[in-house]
Amino acid sequence: MHFSIPETESRSSESGAQYVAYNIHVNGVLHCRVRYSQLLGLHEQLKKEYGNNVVPAFPPKKLFTLTPAEVEQRREQLEKYMQAVRQDPVLGASESFNSFLRHSQQETQQIPTEEVQLEVFLSNGQKVKVSILTSDQTEDVLEAVTSKLDLPEDLVGYFSLYLIKDTSDGSFSFVRKLQEFELPYVSLTSLRSREYKIILRKSYWDSSYDEDVMENRVGLNLLYAQAVSDVERGWVLVTKEQHRQLKSLQEKVSKKEFIQLAQTLKYYGYIKFEPCITDFPEKGCHVIVSAGNNELNFQVKLPNEQMKEGSFKVTRMRCWRVTSSMPFSNGSGSPNKTDVRLELAFEYLMSKDRLQWITISSPQAIMMSICLQSMVDELMVKKSGGSIKKMLRKRQSYLRRSDSQQAVKSPPLLDSPDSSREPIVKLSSKLSSVSLRGISTSSSTGDMSADDFHGNYAFEGIGDDDL
């Protein structure tokens, strides 16, 4: 998640007193509007829980009214503070930090706590209507949806909620995975557009976990609906013969066999992103990025119109970061706030002792970063012999739901594959396996601040056998 405070506002309190409000943006979108005193309260709470040695330094109080220059200085300091807290594995995951952001989001959007109906979509387009509170956090909504579907509690951790946006071709693009610091109903409502929806999809990358999910009828139906949807959208690469086999299995309603065949296909379980721009292998190249199988896959169109393909393994990324900028594009000298430019940059081990920065310019850069982080988390859990199952916290308040369960419908039969798909040429042969231990870190060029880096524990903790 990319936290920023790009601007301040002068506002009036109920008593008429003027104060400075700091607009906290997440992924380039306004999340909440808070006062210095509120952030100071959060800081004091974190210090009380975790101690001065863990919590980063906070901008000090001022006795007198701040000058415009001092307001700007404090804005920069508060932005760095929020980024430091979020990126700390303990503070960023703390309930104090996340509940502060949830409460501030609801307060900023001025949405009262009340019971509402929320529509969550499945991969096959089916709607699941759940009764929730506007103040329910992401895990509460996930629990409500999976309960409505009658998915066993021990399988809930295999799924997540994602915010998507409908596209003009009838498909959709991923905006982000809904996080623990936001309220799904408020996040969706604040966008004020019917193009945005919430969808339920599996949250893991290793297809071997499919076996756990398929043991349950509801889990099998969810995976089947997602597999069919991904094939129909062209996210999974199939030949005509493979498509014929899949269609035959679908006609027989052989769901498990359909998934097992799909698992053998290229790009199964990948998330495909909208076309964007990269500087690899040269600046200004158009690329389609897909995330899956512990890698980012590039399908690059070179300046000579030739299509090439290459993959970047997450275990060879030393670190990555997301940056945002607000271009001056309206000709009046003030930035167009609706046109935020996002970039994902990662430092990649190209060969032994040689690291190179690779940049992707895409509105979906945040989602790409989330995918990388979840791949690393899954690898490290697997490396330690742990389980990806998440223990959801119990609701603190009772939430009424309908006793009736909702069945997952089977998707329609597959359409014929796209025969116009352009052939892909391999970008390069597979890099030789090298040890990731003991590689010296290199300084990067440009404006990349170390405070904004996502360090990759899998880079240092995974060796030759895992590559």
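None of the values given here were measured: they were computed from a predicted structure.
Salt bridge status for Glu274 with Lys165: absent, with no side-chain N to carboxylate O gap under 4.0 Å. Salt bridge Arg102/Glu95: present, at least one basic N to carboxylate O contact under 4.0 Å.
Side-chain contact check for Leu222 versus Leu149: some heavy-atom pair is nearer than 4.5 Å. With a 4.5 Å cut-off on side-chain heavy atoms, Val128 and Leu122 count as touching. At least one side-chain heavy atom of Arg201 sits less than 4.5 Å from a side-chain heavy atom of Asp230. A 4.5 Å side-chain heavy-atom check between Lys272 and Tyr267 finds every atom pair outside the cut-off. When side chains are defined from C-beta on, Leu200 counts as touching Leu142, because their heavy atoms get closer than 4.5 Å. Counting heavy atoms from C-beta outward, Val85 and Pro56 have side chains that approach closer than 4.5 Å. At least one side-chain heavy atom of Ser135 sits under 4.5 Å from a side-chain heavy atom of Gln106. For the pair Leu191/Leu163, a side-chain contact is recorded, criterion being any heavy-atom separation below 4.5 Å from C-beta on.
The local environment of NE2 in His286 is sparse, with at most 12 non-hydrogen atoms from other residues, nucleotides or ligands closer than 6.0 Å. The environment of Glu9 atom CD is dense: over 12 non-hydrogen atoms of other residues, nucleotides or ligands sit within 6.0 angstrom.
Residues Tyr204 and Tyr158 bring their aromatic ring centres within 6.0 Å. Taking the six-membered ring for Trp and the full ring otherwise, the centers of Tyr162 and Phe172 sit at least 6.0 Å from each other. Checked against the 6.0 Å centroid threshold, Phe312 and Phe280 count as a close aromatic pair.
When all heavy atoms are compared, the tightest approach of Ser361 to Glu343 is OG-OE2, 3.1 Å. Listed here is the closest heavy atom pair of Ile360 and Leu296: CD1-CD1, 4.3 Å.
Using cut-offs of 30° and 60° for the angle between ring planes, the Phe58 and Tyr81 rings count as perpendicular. Using cut-offs of 30° and 60° for the angle between ring planes, the Phe346 and Phe298 rings count as perpendicular.
A donor atom on one side chain and an acceptor atom on the other are found under 3.5 Å apart for Ser374 and Trp205. Judged purely by distance below 3.5 Å, without hydrogens or angles, the side chains of Arg75 and Thr8 never pair a donor atom with an acceptor atom. Side-chain atoms of Glu49 and Ser96 include a donor-acceptor pair closer than 3.5 Å. Between the side chains of Thr264 and Gln242, no donor N or O sits under 3.5 Å from an acceptor N or O.
With Phe3 as the aromatic partner, Arg86 does not meet the cation-pi criteria of under 6.0 angstrom to the ring centre and within 45 degrees of the ring axis.
Remark: the backbone N or O of Glu114 is paired with a side-chain donor or acceptor of Thr134 at under 3.5 angstrom. A donor-acceptor pair is defined here as one N or O able to donate and one able to accept, closer than 3.5 Å; such a pair exists between the side chain of Asp136 and the backbone of Leu133.
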